[in-house]
Amino acid sequence: MPEKADALLTVENVHTWFELRRFGFLRVGFVRAVDGVSFSLKHGEAVAVVGESGCGKSTLAKTVLGLYRPTQGTVVFDGQRIDGETGNLKKYHSQVGYVQQDPYGALPPFMTIYRILDEPLRINGVRKRAEREKRIKEALSEVKLTPVEDFLYKYPHMLSGGQQQRVVLARAKILEPKLIVADEPVSMLDASVRVEILQLLQRLQRSYNLAVIYITHDLSTVRYFSERIFVMYGAKIIEEAPTATLLENPSHPYTQALLTAISDPDAKNADHIKEVPPGEPPSLLNPPPGCRFCPRCGQAIAGLCEKEMPPAFELAPGHRVSCWLYRQAAVKEKEEEKEKAG
Amino acid sequence: MMAVNANSNANAKTNAGAGTDAYAIFRLENLQLYFNTRIGPVQAVDGVSFSLASGRTLALVGESGCGKSSLGRAILRLLPRNVHTYKGSIFLNGTDVMTYSNERFRRQVRWVRMALVPQAAMNALNPVVKVEDQVAEPLLVHQRVKNKAEAYSRAYEIFKVLGLPQDFLNRYAFELSGGMRQRAAIAMALVMHPELIVLDEPTSALDLLTQSNIMNVLKKVKWEFKSTFILITHDIATASELADDVAVMYAGQLVEKADARLFYDDPLHPYSRKLMASVPTLRKDKKLEFIPGQPPSLINPPKGCRFADRCELRHERCAAEPPMVTLPDGRQAKCWLVEQKAREQHA
Ligand SMILES: Nc1ncnc2c1ncn2[C@@H]1O[C@H](COP(=O)(O)OP(=O)(O)O)[C@@H](O)[C@H]1O
Ligand SMILES: Nc1ncnc2c1ncn2[C@@H]1O[C@H](COP(=O)(O)OP(=O)(O)O)[C@@H](O)[C@H]1O
Ligand SMILES: [Mg+2]
Ligand SMILES: [Mg+2]
């Protein structure tokens with residue numbers, strides 16, 4: 001991958017498996033929550049990870065944040081490995097922000113907003129009280145919780161869901177991180193509040209050259225807020241592309257299905273049935289070999305797709321898809337390259 | 001002010017939903033449901049009126065907390081203990097079922113003539129009773145079948161339409177996926193072929209593809225059985241998959257009701273317009289907007305228009321409560337600007 005040179009974050013072949021035991025000791029197997037994921041992220045880049053629930057998004061987020069140790073593979077942030085030794089983790093955590101789905105669950109209920117924002121500053125050695133207070137007020141006004149004085153001494157439960165999520169955002173950015181991982185930050189909010197929070201996140205991203213990993217199951221918000229999209233299914237990234245490319249030319253049958261399934265607000269939708277694949281996502285406990293979408297796929301190639309896991313084929317620069325349907329395209333391209341070289 | 005052509009016999013099917021009651025199977029009049037709380041009564045449903053024609057689906061949309069689920073429960077008289085006020089009229093094919101005693105309502109109306117698929121229904125199935133017994137139960141309880149065998153065969157029929165494999169019938173709920181459980185919950189509501197089915201957020205907790213599959217199933221049911229639905233949802237985009245009419249709720253009140261085709265093209269009420277502007281679209285580019293501020297408290301709602309303090313178009317008249325006004329095309333909205341528009345169109 002050529003973009004590696006200026007990469008802020010490089011995730012390579014990461015597997016995060018959870019061991020499942022019955023009665024506490026009988027090993028049943030592994031839940032392969034993340035099963036071979038690679039990508040990299042530039043400084044200031046906004047990407048989205050899209051996929052349905054249970055596909056491994058949160059586990060990937062926590063692995064990237066150093067909260068889970070990958071079973072295999074590496075995570076490199078700013079030239080430092082953060083997947084193994086715990087030594088660098090404290091410094092790392094001061095450089096990444098984390099925004100979770102449920103803002104109320106993420107905020108300690110018995111702390112005032114002031115204390116919630118004060119704590120990371122104190123832990124990370126901002127000694128002067130006046131300096132901390134200044135930064136807390138700046139952070140609050142940046143997330144539009146103004147007048148600041150109205151919010152400083154409130155408790156989380158006194159705020160609406162949207163306001164709570166803005167406090168979480170303020171906390172995520174108060175240490176001036178280089179990366180924010182936002183795991184379904186707006187899924188529990190109403191449409192109108194969603195837009196407000198996402199626009200806020202985007203403003204922070206642009207004005208501080210922050211890299212953002214926006215994790216969501218909602219593809220329709222993604223086009224407004226990210227430059228590149230990774231589509232996850234069954235613990236793997238099955239397609240990645242620049243946002244516009246992915247929306248215009250979705251190539252994996254699963255991506256195509258997702259796009260079909262999304263409704264734009266339009267009364268004509270009521271007139272016809274949508275062609276969407278039946279069935280459910282695969283179990284990640286001891287999954288069978290082969291493409292994980294195969295059992296639901298209308299275009300599966302018998303004898304191949306159910307047996308062998310497809311590798312990523314590059315359809316265009318930055319547009320990769322893990323699907324056997326593209327094997328010829330890939331082969332042909334390689335031949336052309338050889339001809340050029342020879 | 002109300003311009004409704006009562007003789008629209010020919011296009012009753014297409015127009016009936018909007019203004020006229022002539023073909024209404026279902027009509028609410030000034031329905032109120034308040035709850036007692038420590039700090040005063042919560043006016044969750046505050047004077048809601050609308051009518052719905054047979055075979056049509058009304059999508060009831062609005063942000064969380066605006067009273068949608070409360071309205072659904074008020075219709076089915078499924079009330080919590082802390083009811084403060086419960087009044088108004090609920091006409092079902094001409095009879096006001098509000099006048100029925102609780103006992104009569106339970107025997108003759110709930111599940112029989114009107115059914116509810118509650119929010120998160122898929123998690124409410126009984127874990128120790130087989131799915132087929134749960135679906136067949138209302139038939140047996142209300143003595144609509146001669147014996148168990150007949151009840152099961154009726155359950156099978158519904159299962160087929162809902163795309164539930166037959167062998168799921170003698171399983172337990174926990175053995176099924178979320179999507180399949182939700183279908184089973186819908187089957188329970190459908191099996192009596194009620195005149196009205198209220199679906200409260202039927203797909204909200206489900207994944208996108210499953211959600212799409214369930215919407216397909218509901219469409220097929222609607223076409224095959226000519227069912228009349230009230231679809232409660234906070235998701236305007238998904239609502240368009242099923243809606244013939246749309247009603248928008250804000251702070252316990254209805255603020256707009258219109259034919260879906262008119263609504264999705266051009267919402268009338270300033271709140272509806274903002275709400276629509278906040279919905280991201282996949283296929284079209286648009287500038288997303290949000291509504292600053294928050295809905296008012298339902299314990300002490302403002303006297304005038306409840307949306308006024310968040311509305312960019314507010315003016316002096318908004319201090320008084322606006323009436324629900326009907327435009328010649330049948331669209332209704334509770335807004336002084338629409339009232340003015342209606343007067344201009346008549347002049
Ligand atoms: N701590 C854990 N122990 C065991 N299994 C887990 C754990 N966390 C997640 N999983 C499983 O891993 C899979 C992926 O979960 P998750 O990463 O939460 O997905 P998503 O965020 O996309 O919904 C699921 O099957 C989930 O049940
Ligand atoms: N049993 C109850 N007691 C007190 N307040 C309630 C009760 N049920 C609902 N509410 C309140 O009524 C309002 C409307 O709630 P609900 O009907 O659930 O809205 P929606 O379904 O639109 O999200 C909310 O303010 C909610 O907190
Ligand atoms: Mg998750
Ligand atoms: Mg509700």
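Proteins come first, then strands; the chains are lettered A, B, ... in the order of their sequence lines, and each starts at number 1.
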Check your understanding: Which bit of A:Gln199 comes within less than 4.5 Å of chain B, counting heavy atoms only: side chain, backbone, both or neither?
Key -> side chain
Point to revise | chain A contacts, top residue of B:Gln294, B:Glu241, B:Lys284 (heavy-atom pairs, under 4.5 Å) | key: B:Glu241
Check your understanding: Which pair of heavy atoms, one from A:Asp190 and one from B:Glu63, lies closest together, and at what distance?
Key -> OD2-CB, 3.3 Å
Practice item. Step through the shown structure and confirm whether more than 12 heavy atoms of other residues, nucleotides or ligands are within 6.0 Å of CZ on A:Arg21. Key: yes
Check your understanding: Considering only heavy atoms, which portion of B:Asp265 lies under 4.5 Å from any heavy atom of chain A: side chain, backbone, both, or neither?
Key -> neither
Exercise for review: Step through the shown structure and confirm whether more than 12 heavy atoms of other residues, nucleotides or ligands are within 6.0 Å of CZ on A:Arg206.
Suggested key: no
Point to revise | For chain A, the option from B:Met276, B:Glu289, B:Met180, B:Lys222 that forms the most heavy-atom pairs under 4.5 Å | key: B:Glu289
Review point. Just by distance, do the side chain of A:Glu196 and the backbone of B:Pro292 share a donor-acceptor pair under 3.5 Å?
Key: no
Review point. Among B:Asp244, B:Leu206, B:Asp207, B:Val246, who wins on heavy-atom pairs under 4.5 Å with chain A?
Key: B:Asp207
**Study point:** Short side-chain to backbone donor-acceptor contact, A:Glu280 and B:Ser177, under 3.5 Å
**Key:** no
Revision key, fill the gap. With chain A, the option among B:Leu288, B:Leu242, B:Leu275 that has the most non-hydrogen atom pairs under 4.5 Å is B:Leu288
Exercise for review: Answer with side chain, backbone, both or neither: which region of A:Ile262 has an atom nearer than 4.5 Å to a non-hydrogen atom of chain B?
Suggested key: both
Review point. To the nearest 0.5 Å, what is the distance between CG (A:Leu258) and OG (B:Ser212)?
Key: 10.0 Å
Check your understanding: At their closest point, which heavy atom of B:Pro280 faces which heavy atom of A:Thr221, and how far apart are they?
Key -> CG-CG2, 3.8 Å
Review point. NZ of B:Lys286: more than 12 outside heavy atoms within 6.0 angstrom?
Key: yes
Check your understanding: So which part of A:Leu259 gets closer than 4.5 Å to some heavy atom of chain B, the side chain, the backbone, both or neither?
Key -> both
Review point. When heavy-atom pairs shorter than 4.5 Å are enumerated against chain B, which of A:His272, A:Arg194, A:Lys268 gives the highest number?
Key: A:His272
Point to revise | Minimum-distance pair of heavy atoms, taken over all atoms of B:Phe290 and A:Ser192 | key: CB-O, 3.0 Å
Check your understanding: Quick one: are A:Ile273 and B:Lys220 in side-chain contact, heavy atoms under 4.5 Å?
Key -> yes
Point to revise | Heavy-atom pair of closest approach, residues B:Asn213 and A:Pro277 | key: ND2-O, 3.1 Å
**Study point:** Side-chain (A:Lys274) to main-chain (B:Asn216) donor-acceptor, under 3.5 angstrom
**Key:** no
Review point. Hey, mind stepping through B:Ser240 and A:Asp266 against side chain to side chain donor-acceptor pair (under 3.5 Å) and telling me if it holds?
Key: CA-CA 6 Å; B:Ser240 71; A:Asp266 183 346; over 6 Å; no
Exercise for review: Measure the spacing between CG of B:Leu208 and OG of A:Ser53 and express it to the nearest 0.5 Å.
Suggested key: 11.0 Å
Check your understanding: So does B:Glu175 have more than 12 non-hydrogen atoms from other groups sitting under 6.0 Å from CD?
Key -> yes
Check your understanding: What are the two closest heavy atoms between B:Leu209 and A:Glu52, and how far apart are they?
Key -> N-OE2, 3.2 Å
Review point. Without hydrogens or angle criteria, can the side chains of B:Thr281 and A:Asp264 be said to hold a donor-acceptor pair below 3.5 Å?
Key: no
Point to revise | Residue, of A:Gly162, A:Gly161, A:Ala191, that accumulates the most heavy atom pairs under 4.5 Å with chain B | key: A:Ala191
Point to revise | A:Glu149, CD atom: more than 12 neighbouring heavy atoms under 6.0 Å | key: yes
**Study point:** Structural part of B:Ala243 lying under 4.5 Å from a heavy atom of chain A
**Key:** backbone
Point to revise | Nearest atoms (heavy-atom pairs only) where A:Pro265 meets B:Val279 | key: CG-CG1, 3.9 Å
